[in-house]
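The analysis underlying the following values was restricted to heavy atoms, covering all of them including side chains, and did not include hydrogens, waters or symmetry mates.
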Amino acid sequence: WGFVIWSCIDPEGSNERISMWKTWVTEEWTWFYIASQNIWIALLIYLMFSKYRNIRLGKDGEEPAYSYATWFAMLFSCGVATGLFYYSVAEPMWHYRGWGGARWDD
């Protein structure tokens, strides 16, 4: 709550300080984010070719509840729904604030 109160009492000062923190984080820690994503990809490639590639998430001999096509459709729908959920608010607010002109008019 202290952060919220500080932001309400001194909006200009808090905005300046938060911008400074944001710049510091992106300048100093971007390498860590990129490295962590590379580590995840390497781990997934390792799992794909290791002895763990055939792990079943059920009992031995049990048929999968969903086919590959159904599983892909569910994951794809989740990805689309996430984008719709985010942009259903972000894009109208962008245009409402007047920032959303055509990109080719710059």
To the nearest 0.5 Å, tell me how far Leu47 CG sits from Ile55 CD1.
7.5 Å

With under 30° as parallel and over 60° as perpendicular, where do the rings of Trp21 and Trp6 fit, or are they tilted in between?
tilted

How long is the straight-line distance from CZ of Arg17 back to CD of Glu12, given to the nearest 0.5 Å?
15.0 Å

In terms of the angle between their ring planes, are Phe76 and Phe72 parallel, tilted or perpendicular, with boundaries placed at 30° and 60°?
parallel

Under a 4.5 Å side-chain heavy-atom rule over Ile, Leu, Val, Met, Phe, Trp and Tyr, are Trp24 and Trp31 clustered together?
yes

Gap between atom OG of Ser36 and atom CG of Leu43 - 0.5 Å precision:
12.0 Å

Just so I know, are the side chains of Met74 and Thr70 near enough to count as touching, which here means a heavy-atom distance under 4.5 Å?
yes

Which pair of non-hydrogen atoms, one from Arg53 and one from Met48, has the smallest distance, and what is that distance?
CB-O, 3.4 Å

Do other residues, nucleotides or ligands put more than 12 heavy atoms under 6.0 Å from the CG atom of Leu57?
no

When rounded to the nearest 0.5 angstrom, what distance separates OG1 in Thr23 from CD in Glu28?
11.0 Å

Here the pair of heavy atoms bringing Ser7 nearest to Ser14 is CA-OG, 3.6 Å

Using the rule that two of Ile, Leu, Val, Met, Phe, Trp, Tyr join whenever any of their side-chain heavy atoms come within less than 4.5 Å, decide whether Leu75 and Tyr68 are in one cluster.
no

Shortest non-hydrogen contact between Pro64 and Arg56, atoms and distance:
CD-NH2, 4.2 Å

How about Tyr33 and Asn38: do any of their side-chain heavy atoms sit closer than 4.5 Å?
no

Please determine whether residues Ile18 and Ile9 belong to a single hydrophobic cluster, defined as Ile, Leu, Val, Met, Phe, Trp and Tyr linked transitively by side-chain heavy-atom distances below 4.5 Å.
no

Examine Val25 and Phe32 and state if one hydrophobic cluster contains both, with Ile, Leu, Val, Met, Phe, Trp and Tyr joined whenever side-chain heavy atoms are less than 4.5 Å apart.
yes

